Structures are given as C-alpha cells and as structure tokens.
Amino acid sequence: MHSLLEQMSKGPFDDLQTPPAALGPLVPYLPRRGLIWEPACGSGNLVRELSRRGFRVFGSDIMQGERFDFLSWTPRWLDDVSAIVTNPPYSRGMKEKFIKRCYELGKPWALLMPITALGGSKREGLWREFGVQLIMLGGRIDFTGSGNCWYEVMWFTWGLNLPRDIIFGQMPPQEETK
C-alpha cells in the first residue's frame with residue numbers, strides 16, 4: 001500500500017491551488033468562532049484568504065510531512081476546530097477518502113470539488129447516508145491563473161446548516177470568457 005504522500009506526488013490534479021475568489025460564495029456560511037482547519041493547504045491560498053477575511057485558520061498539508069496526513073492524523077486541538085475547509089486532491093479515490101475522513105471527524109466541513117463528484121457509487125452512498133449541501137460558484141475557476149485551467153467546481157458541505165440544500169452563489173468577476 002502506497003502512502004498518501006506517494007499517491008499525491010503522482011496525481012495530475014492533486015496540486016491545484018484555489019484562487020481566493022472561490023471562497024466568496026462560502027464565506028457567509030462559515031462559523032466566525034473557533035478555528036478553521038485547512039488540511040490540504042498546499043501553498044496556502046485558502047489559508048491566506050480566510051485569514052484576510054478575519055477567520056482564525058490553521059493550514060496543514062501532507063507535503064509538510066507524513067505526520068500531517070489528514071487521513072490519519074487527528075490534531076490534539078480538534079475540539080477547537082469549528083470547520084474544515086479545503087480543496088482536496090482529486091485523483092485515485094482521494095476525494096472519497098477526504099469525504100469519509102471529514103464525516104468521521106464530525107466537524108462541519110466544505111470541500112471544493114468538481115461538479116462530477118456528485119456522482120460515483122461510493123460518493124453517492126456517502127451522500128445518502130450522511131447528507132450533503134451544495135454551494136454553486138456561479139462560474140468556473142481557473143486554478144493556475146494562466147487562463148487555460150478552468151474547472152467547474154462547487155463547495156460540497158456538511159454541518160454548516162445552509163438555509164437550502166443548494167445555494168446558487170456568485171463569485172467576484174473573473175477573466176473567464178468560456
């Protein structure tokens with residue numbers, strides 16, 4: 001069995017850094033008290049933007065070392081966590097692993113994933129068993145800033161008690177012409 005670090009280093013879609021605009025539709029529903037944990041922070045885009053917006057945030061990433069493996073590490077300060085917010089790796093079943101781990105931890109969470117993550121028998125089974133609420137972004141996201149890496153994604157959430165099961169959000173304008 002390969003370690004998470006080995007799996008992630010091989011995936012083409014496992015290091016897509018989230019542009020700050022993606023947080024716009026989610027922020028109104030995040031708890032203002034407590035700590036937000038970003039467990040796949042990469043270079044820290046979400047951590048910086050959440051901090052800029054006044055949230056207390058802790059970012060960790062498996063690339064910082066195996067001890068920060070979200071799938072097996074439970075921080076001693078978990079009781080202080082009010083929500084988990086991340087853009088998880090997308091390849092080799094990693095989405096399912098992150099979703100399962102979020103449900104196991106029992107903290108409210110928001111995972112930025114492709115719209116296609118709604119499907120798939122394993123994910124559908126999790127949605128049926130535990131529930132999910134969605135926040136649409138109102139457009140595609142350019143994960144590289146290059147103008148050629150646009151993805152249709154949305155926030156899959158649990159425990160944030162959204163007023164409806166699907167929220168149609170609107171990001172700040174981007175350069176997207178697609």
Side-chain angles (χ1 to χ4, degrees), residues 13-14 16-42 45-47 49-59 70-71 74 78-143 149-174 176 178:
F13 302 109
D14 289 346
L16 296 176
Q17 298 303 308
T18 308
L23 277 171
L26 174 65
V27 164
Y29 305 104
L30 292 177
R32 284 285 174 181
R33 293 178 179 228
L35 181 68
I36 293 181
W37 180 17
E38 211 293 40
C41 69
N45 287 6
L46 289 177
V47 171
E49 184 62 16
L50 286 165
S51 293
R52 188 187 74 74
R53 291 175 184 240
F55 292 92
R56 280 186 40 227
V57 188
F58 178 81
F70 175 67
L71 301 179
T74 302
L78 185 63
D79 287 344
D80 296 334
V81 172
S82 58
I84 297 166
V85 176
T86 195
N87 173 4
Y90 295 167
S91 65
R92 286 174 307 286
M94 294 304 293
K95 289 185 295 284
E96 289 84 10
K97 291 176 183 177
F98 267 70
I99 294 164
K100 283 181 188 177
R101 180 66 172 151
C102 283
Y103 282 129
E104 285 171 8
L105 291 172
K107 297 291 182 175
W109 53 262
L111 303 179
L112 186 67
M113 297 187 293
I115 285 179
T116 57
L118 268 175
S121 61
K122 290 179 185 175
R123 288 183 299 272
E124 286 180 25
L126 291 168
W127 308 142
R128 276 190 203 100
E129 183 176 351
F130 299 106
V132 67
Q133 291 186 308
L134 310 169
I135 301 174
M136 305 294 291
L137 301 183
R140 290 186 270 176
I141 294 286
D142 178 8
F143 282 94
C149 189
W150 295 94
Y151 286 96
E152 191 78 35
V153 295
M154 64 183 165
W155 289 104
F156 290 72
T157 76
W158 178 84
L160 293 178
N161 300 315
L162 305 181
R164 293 181 306 281
D165 286 338
I166 301 177
I167 300 292
F168 294 94
Q170 188 65 47
M171 290 182 299
Q174 292 185 298
E176 182 181 359
K178 300 181 183 227

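Keep in mind that what you see is a predicted model, and the values were worked out from it rather than measured.
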Nearest heavy-atom approach of Leu112 to Pro88 is O-CD, 3.4 Å
Nearest 0.5 Å, what's the CH2-OG1 distance between Trp37 and Thr86?
10.0 Å
How close do Ala22 and Pro25 get, heavy atom to heavy atom, and via which atoms?
O-CD, 3.5 Å
Could you tell me which residues satisfy side chain to side chain contact (heavy atoms under 4.5 Å, CB included) with Arg53, sequence neighbours excluded, listed by chain and number?
Val27, Glu49, Phe55
Exercise: identify the closest heavy-atom pair between Ile99 and Met113:
CD1-CE, 3.7 Å
My understanding is that only residues two or more places apart in sequence, or in another chain, count here; which of them pass ring-ring contact (aromatic ring centres under 6.0 Å, His included) with Tyr103?
Trp109, Phe130, Trp158
Are any side-chain N or O atoms of Ser82 and backbone N or O atoms of Arg33, one a donor and one an acceptor, separated by less than 3.5 Å?
yes
Find out whether Pro108 and Val81 are in side-chain contact, i.e. whether some heavy atom of one side chain is under 4.5 Å from a heavy atom of the other.
no
OH of Tyr151 to OH of Tyr90: how many Å apart, nearest 0.5 Å?
8.5 Å
Minimum heavy-atom separation for Glu38 and Val85, please, with both atom names.
CG-O, 3.0 Å
Rounded to the nearest 0.5 Å, the CZ atom of Phe58 sits from the CD1 atom of Ile36 at a distance of 14.0 Å
Could you state the interatomic distance from CE (Met171) to CG (Leu23), rounded to the nearest 0.5 Å?
11.0 Å
Salt bridge (charged side-chain N to carboxylate O under 4.0 Å, His left out): which pairs involve residues 102-116, sequence neighbours left out?
Arg101-Glu104
List for me each residue that meets salt bridge (charged side-chain N to carboxylate O under 4.0 Å, His left out) alongside Arg32, sequence neighbours excluded, and say none if there are none.
none
For residues Cys41 and Gly59, report the shortest heavy-atom separation together with the two atoms involved.
SG-C, 3.8 Å
At their closest point, which heavy atom of Lys95 faces which heavy atom of Pro114, and how far apart are they?
CD-CD, 4.3 Å
How long is the span from the CD atom in Glu152 to the CZ atom in Arg140, to the nearest 0.5 Å?
6.5 Å
Distance in Å, Asn45 CG paired with Asn87 CG, rounded so as to fall on 0.5 Å steps:
9.5 Å
Side chains of Leu71 and Lys100: does their closest heavy-atom pair fall under 4.5 Å?
no
Could you pull out all residues at least two apart from Arg128 that satisfy salt bridge (charged side-chain N to carboxylate O under 4.0 Å, His left out)?
Glu124
Evaluate Leu134 against Trp127 for side-chain contact (heavy atoms from CB on, under 4.5 Å), listing each step before the verdict.
CA-CA 11 Å; Leu134 310 169; Trp127 308 142; over 6 Å; no
Please table the atom pairs, donor to acceptor, closer than 3.5 Å between any side-chain atom in residues 161-169 and protein atoms at least two apart or in another chain.
residue	atom	partner	partner atom	Å
Asp165	OD1	Gln133	NE2	3.0

Apply the test side-chain contact (heavy atoms from CB on, under 4.5 Å) to residues Trp150 and Ile141: give CA-CA distance (whole Å), side-chain angles for both, the deciding distance (0.1 Å), then the verdict.
CA-CA 5 Å; Trp150 295 94; Ile141 294 286; 5.6 Å; no
